Amino acid sequence: MSELSAVDCDATAFHLVWADGSRAECPHIWLRDNDPGELHPHTRERLFDLKSVSLDIRPESWQLGPSQLVVKWPEKSSDSHYPLDWLLAHRPGERRSDPARVDRSYWSAEDLRDIPRFDAMSCRQSAPVLMDALQTAKRLGLVIFDALQDNEKAGESLGELIGFMRRTNFGTTFEVVNKPSPNNLAYTALPLPLHTDLPNQEQVPGYQFLHCLRNSVRGGGSTFADGFQICSDLRAQLPEEFDLLSRLKIPWRFHDANDDVRYRRSIIDLDSAGELSALSFNAHIADVPDLPSAQLRDFYQAYQNLMLRISDPQYQISHALQPGEMVMFDNRRVLHGREGFDPASGERHLRGFYVEHNEVDSRIRTLAAG
Ligand SMILES: [Fe+2]
């Protein structure tokens with residue numbers, strides 16, 4: 001239990017110092033808004049109405065108990081109780097601890113000779129194993145589940161343990177097989193250059209899963225590269241071109257007889273701190289760039305330089321998925337592709353589906369909470 005070594009209350013805030021030296025400045029209005037006693041007892045959702053008090057609210061009185069700060073607010077008949085552990089965990093200006101916040105490790109081919117593997121049954125039976133698999137997927141952007149049960153639904157069944165599947169115009173699941181009248185190059189035997197899926201969607205799918213049902217063809221290895229390692233190198237080597245690709249929004253489009261799904265986005269996305277947050281790279285469904293003519297030459301130079309790096313073998317790994325294996329990768333970071341194969345040499349059938357990032361994060365947190 002956390003202990004306070006000093007507490008002071010002035011006109012605007014409580015100033016708290018814990019025995020271990022941690023400090024917090026807790027404005028009164030913040031404490032009033034986050035009264036743990038004014039949450040719904042079952043949903044834990046806030047019931048307090050911020051409009052009901054002045055922003056300059058001050059405690060009428062307060063006292064420090066052995067494990068909590070007790071405050072009497074002027075417009076509330078009962079006392080409000082703030083556990084010291086709660087105050088330490090939620091102190092303003094500090095991000096709360098979160099098992100789903102995982103530092104990313106970028107990789108090139110030589111760093112990831114073996115894709116981390118997790119036994120599917122162990123993931124089903126052990127929360128720590130599944131949590132380790134999902135945290136590794138966040139760290140590296142790529143893991144393999146192996147020894148899936150010998151049935152066609154085994155991949156979806158494991159996926160449902162992880163999160164809700166995202167439905168797109170390709171369905172909730174999609175069959176990656178050689179089709180006679182394909183509406184996507186994935187459904188051919190042609191080599192498929194490294195790409196990310198569906199940048200034409202308003203929300204690009206987060207994680208992609210590919211469950212291998214059959215793979216007896218000559219060729220057809222799955223290829224992967226860490227797009228964030230590539231972007232990070234581009235940023236160091238050609239900062240102006242990196243900047244251009246993170247600023248210019250270009251159109252993306254998928255269309256067939258049933259759908260015409262379009263969105264404008266930049267190839268590289270940065271978060272508010274300037275860190276990489278997404279790479280969208282799919283030359284097949286990049287629509288006709290409609291940038292002003294004067295910008296096109298610079299755009300193509302930056303785009304081609306990114307493309308040259310993406311096809312550089314130093315970044316690319318290859319793995320021929322075997323029946324019973326399912327790969328999970330971050331579709332907003334890790335590029336995927338396929339070596340061509342001879343469709344007469346055997347069968348190749350992968351079943352794919354998507355689960356969004358926040359679904360995976362939610363599962364990590366519930367697994368961590370036991
Ligand atoms: Fe794909």
Side-chain angles (χ1 to χ4, degrees), residues 115 137 140-145 155-156 159 165-179 181-215 217 219-228 230-231 250 252-256 258-259 261-263 265 267-269 278-287 306-307 309-311 315-321 325-341 343 348-357 360:
I115 303 170
L140 296 173
L142 176 65
V143 295
I144 287 177
F145 297 100
E156 295 139 86
M165 291 180 194
R166 160 85 181 272
R167 190 175 182 192
T168 72
N169 56 289
F170 293 102
T172 306
T173 59
F174 46 91
E175 311 300 324
V176 186
V177 287
N178 188 26
K179 295 181 184 177
S181 300
N183 67 348
N184 185 302
L185 282 174
Y187 304 150
T188 69
L190 295 169
L192 201 56
L194 288 166
H195 65 281
T196 61
D197 274 11
L198 307 189
N200 61 307
Q201 291 277 354
E202 181 178 10
Q203 168 92 341
V204 176
Y207 286 96
Q208 182 171 169
F209 294 73
L210 291 171
H211 175 205
C212 179
L213 298 170
R214 283 176 280 286
N215 192 3
V217 295
S222 295
T223 53
F224 301 97
D226 185 353
F228 282 5
I230 294 168
C231 289
I250 60 167
W252 306 83
R253 181 185 190 193
F254 170 87
H255 58 120
D256 64 6
N258 300 314
D259 298 286
V261 187
R262 309 182 196 185
Y263 200 75
R265 61 166 28 88
I267 292 171
I268 295 169
D269 263 340
L279 170 66
S280 299
F281 182 85
N282 192 323
H284 305 299
I285 60 169
D287 203 354
L306 174 65
M307 215 176 255
R309 282 161 178 75
I310 285 173
S311 60
Y315 295 112
Q316 183 173 316
I317 60 172
S318 172
H319 174 74
L321 284 165
E325 291 182 338
M326 179 166 71
V327 66
M328 170 187 182
F329 56 92
D330 184 346
N331 182 58
R332 296 184 210 155
R333 166 182 170 184
V334 169
L335 300 136
H336 65 285
R338 176 190 64 216
E339 295 158 353
F341 62 92
R348 186 179 190 276
H349 183 179
L350 310 181
R351 176 168 293 162
F353 57 91
Y354 305 112
V355 176
E356 295 300 356
H357 282 178
V360 172

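Since this is a predicted model, take the numbers as computed values, not measurements. Just follow the structure's listing: the first ligand is 1, and inside any ligand the first atom is 1.
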Over 60° means perpendicular and under 30° means parallel, so classify the ring planes of F209 and F145, tilted if in between.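 If you compare the ring of F145 with that of F209, the planes turn out parallel.
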
Restricting to N, O or S, what is the name of the atom of [X] that lies nearest the Fe ion (ligand 1)?
{"X": "H195", "result": "NE2"}
{"X": "H336", "result": "NE2"}
{"X": "D197", "result": "OD1"}

Indicate yes or no for a side-chain donor-acceptor contact from W252 to the backbone of Q201 under 3.5 Å, with no hydrogens or angles considered.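 Here the side-chain-to-backbone pair does not exist.
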
Distance-only polar pair, side chains of N200 and H255, donor-acceptor under 3.5 Å: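 Their side chains do not contain a donor-acceptor pair, so the 3.5 Å distance test is not met.
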
Is the distance between the ring centroids of Y354 and F170 less than 6.0 Å?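 Between Y354 and F170, the centre distance exceeds or equals 6.0 Å.
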
